[in-house]
Number of protein chains: 2
Amino acid sequence: MSPAHRSEGEITAIGRATDLLKQFRESRGSLSAAALVRRTDLPKSTVYRMVADLVRVGLLERDGDDYRPGILLFEIGEAVPRQRDLRDAAKRHLATLHQATLENVGLALLDGFEVVHLEMFRGREGPRLPQHTGGRWPAHASASGKAVLAFSGDTVEVPAVLPRFTERTIVDHAELQVELDRVRRRGVAFDRQEAIAMIVGVAAPVFGPDGAVLAAVSMSGVAGRIDTSRMDAAVRTTALTISQDLADARSVVRPVLQARRDGR
Amino acid sequence: MSPAHRSEGEITAIGRATDLLKQFRESRGSLSAAALVRRTDLPKSTVYRMVADLVRVGLLERDGDDYRPGILLFEIGEAVPRQRDLRDAAKRHLATLHQATLENVGLALLDGFEVVHLEMFRGREGPRLPQHTGGRWPAHASASGKAVLAFSGDTVEVPAVLPRFTERTIVDHAELQVELDRVRRRGVAFDRQEAIAMIVGVAAPVFGPDGAVLAAVSMSGVAGRIDTSRMDAAVRTTALTISQDLADARSVVRPVLQARRDGR
DNA sequence: GGGGCGAGTCCCGCTGAACGGGACGCGGCC
DNA sequence: GGCCGCGTCCCGTTCAGCGGGACTCGCCCC
């Protein structure tokens, strides 16, 4: 009826179900069926029926009158190749960097024009950053994003308008290019309160065995409490170590990966 | 037609789609459409149509003629509450235990009668265990499983038949109860090559602020190379530290969780 | 070189699963 | 008491999903 802009889910059952599941990405914790109706503007009975289905198959779990993503989703999510191999190789080194500095340390990859945080070790003190594992953030306003963009060549399409988050956010295309040049020369990217006021960060790119950039190691904290200009070497070191491990591991790990490729 | 035992997916589109997604849990990496047809015994055209749908909404990604779970699944999986809060609290301490011992260190929770591995730090040397983050394993044949079972009271239903993995696997119900008593007294559980020959482990339970068991911290390695009887204190210490952090954090974290409960 | 096989793609008529408007009951709040 | 929002259930309609099957394209083996 109303030609309303359906978020994107089209009219298939799978699309609608995915719309529902997506609601749980940001909203930590559980949601009531009524909240889902509001957020998706799907008809009430559709949501209730669908949610019951999702519980039956294990994608959602029921918690009183609320619903939450099921452990099955975690299991499948851990099997996603784009993150699995990288995290496997990186986790140990990220932990080391974290323990050596006690700062917030993370790993992020680029998806579209946004970074997705694959791993995150939080500093003990300091305010809990809103960033969390599995979270997204626009690439132009993050150290990790800039670190990856700088080495991505022209394969990434920059959106027409770059949203502003603080007064320091880079929203001009030319300015962004200048910044990326700088990152390319230095090998590290800085976030100077461009995403969140009072929060700064450093990031360095991680490369695959073929030389293509895969992700970025980052470190962040409260301006004044963390000195990013003294941390860049540490971040770069960790990023390079991971890159080397990936190159070394290829010869060992890949055969195993290839082995059980097929069904039956 | 053939009354074949449909795995469980029933006849809804969501059920079928979930059946497809589940295929990616164990089979690391990507699968071809044909492999999916074989594994699910769904009609060819159904699989092809459905897989195209799943790609459209982002649950799968296409990789040549193969398909792999999409990064979206990782994002939603990270939002699963059952694992999120626990991992947040545990990660730092697991990393410490790992760095202190250089052994394989993990965190697992119980789902049904199986443990699901939430986190896993791998030892540098030693054979790569088949266990991986997001993986499942029957509870009676794992140190973590026994550690959680021992403190779960009678809330968990023990299956009629306990599958055997090695000659040491506990497959007798009475014997399992004796073992769980022992675990309850000691506060730690041991895996004496009960899951995989030559592999041993220790695990200790993690408790929530209300005293209910939530998960288990575990350590494992090759028999002879790791001395589990000398590691149990370390594992218990880490488990207790996490339990305490959870209790402390409740007052801080919960308000935030409650806050944005609702939509709109 | 030809023919068999398994892969991926496309088509299309049929049908019942999904759809969604709406009635109902419950509980909390004004 | 009356209103409102929530969860549940019902049921007639219809169109999205279904799946058999035809087609093509490589590849391998005879």
Side-chain angles (χ1 to χ4, degrees), chain A residues 1-21 23-24 27 29-68 258 260-264, chain B residues 1-21 23-24 27 29-68 258 260-264:
Chain A
M1 295 297 134
S2 63
H5 357 227
R6 280 273 136 79
S7 48
E8 82 176 82
E10 300 307 318
I11 23 82
T12 81
I14 290 178
R16 270 185 276 243
T18 307
D19 273 356
L20 288 178
L21 293 179
Q23 305 307 318
F24 293 94
S27 67
S30 19
L31 290 172
S32 70
L36 288 171
V37 171
R38 274 196 303 275
R39 293 179 167 223
T40 57
D41 78 39
L42 291 171
K44 188 160 82 147
S45 34
T46 299
V47 169
Y48 279 89
R49 176 169 28 79
M50 203 150 253
V51 138
D53 252 18
L54 290 168
V55 169
R56 185 175 52 75
V57 300
L59 294 181
L60 290 185
E61 287 169 8
R62 183 153 196 170
D63 174 19
D65 268 343
D66 287 352
Y67 297 88
R68 57 181 188 209
Q258 301 292 354
R260 17 182 149 172
R261 231 336 147 63
D262 213 314
R264 177 156 300 251
Chain B
M1 297 298 135
S2 64
H5 356 227
R6 280 273 136 80
S7 49
E8 83 176 80
E10 301 307 318
I11 23 83
T12 81
I14 290 179
R16 269 185 275 245
T18 306
D19 273 356
L20 288 180
L21 293 179
Q23 305 307 318
F24 293 94
S27 67
S30 20
L31 290 172
S32 69
L36 288 170
V37 171
R38 275 197 303 275
R39 292 178 168 225
T40 57
D41 78 38
L42 292 171
K44 188 160 83 147
S45 35
T46 299
V47 169
Y48 279 89
R49 176 171 28 81
M50 202 150 253
V51 138
D53 252 20
L54 290 168
V55 169
R56 186 174 52 75
V57 300
L59 294 181
L60 290 185
E61 288 168 8
R62 184 152 195 172
D63 174 19
D65 269 343
D66 287 352
Y67 298 88
R68 56 181 187 208
Q258 301 291 355
R260 16 182 150 170
R261 231 337 148 62
D262 214 314
R264 178 157 300 251

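Bear in mind that the values here come from a model prediction, so they are computed numbers and not experimental data. Order of the sequence lines sets the chain letters (A, B, ...), proteins ahead of strands, with each chain counted from 1. Scope of the values below: all heavy atoms of this structure, side chains included, with no hydrogens, waters or symmetry mates.
For the helix from C:dG1-D:dC30 to C:dC30-D:dG1, the terminal axes (five pairs an end, C1' atoms, rotation from four pairs onto the next four) enclose an angle of 30°, given to 10 degrees.
As rounded to whole Å, 14 Å separates atom C1' of C:dC19 from atom CG of A:L20. Rounding to whole angstrom units, CG of residue A:D65 and P of D:dC6 are separated by 11 Å. Atom P of nucleotide D:dG5 and atom CG of A:D66 are separated by 18 Å, given to the nearest angstrom. Atom C1' of nucleotide D:dG17 and atom CZ of B:R56 are separated by 13 Å, given to the nearest angstrom. In this structure, the CG atom of A:L42 is 11 Å from the P atom of C:dG21, given to the nearest Å. Straight-line distance from the CD1 atom of B:I14 to the P atom of D:dA16: 16 Å, rounded to whole Å. Across the protein-nucleic acid pair, B:D19 atom CG and D:dC18 atom P stand 12 Å apart, rounded to whole Å. A straight line from CG of B:D63 to P of C:dG8 spans 13 Å, rounded to a whole angstrom.
Distances from the side chain of A:K44 to the nucleotides C:dA23, C:dA7, D:dG19 place C:dA23 closest. Side-chain proximity of B:S45 to the nucleotides D:dA22, D:dG20, D:dG7 is greatest for D:dG20. Considering only the side chain of B:A34, C:dG8 comes nearest among C:dG8, C:dG20, D:dG17. Distances were taken from every side-chain heavy atom of A:R62 (C-beta onward) to each of D:dC6, C:dC19, D:dT8; the shortest belongs to D:dT8.
Remark: B:R49 engages no residue in a salt bridge (Lys or Arg N to Asp or Glu O under 4.0 Å) (not counting sequence neighbours). Legend: residues meeting side chain to side chain contact (heavy atoms under 4.5 Å, CB included) with A:Q23, ordered by chain and number and at least two apart, are A:L31, A:L36, A:R39, A:T40.
Of the side-chain N and O atoms in A:R38, one or more sit less than 4.0 angstrom from OP1 or OP2 of D:dC6.
When all heavy atoms of A:M50 and A:A13 are compared, the closest pair comes out as CE-O, 3.8 Å. Heavy atoms only, all atoms of each residue included: A:A17 and B:I14 are closest at CB-CD1, 3.9 Å. In plain terms, the two heavy atoms of B:D63 and B:S30 that are nearest each other are OD2-OG, 4.0 Å.
Near-neighbour residues of DNA chain D inside residues 46-55 of chain B, defined by a heavy atom below 4.0 Å, number-ordered: B:T46, B:R49, B:M50.
Counting only heavy atoms from C-beta outward, the side chains of A:R62 and A:D65 approach each other to under 4.5 Å. Looking at B:Y67 and B:L54, their side chains never come closer than 4.5 Å, going by heavy atoms from C-beta outward. The shortest side-chain heavy-atom distance between B:L42 and B:L20 falls under the 4.5 Å cut-off.
Between A:D19 and A:R16 there is no salt bridge, since none of the side-chain N atoms of the basic residue sits less than 4.0 Å from a carboxylate O of the acidic one.
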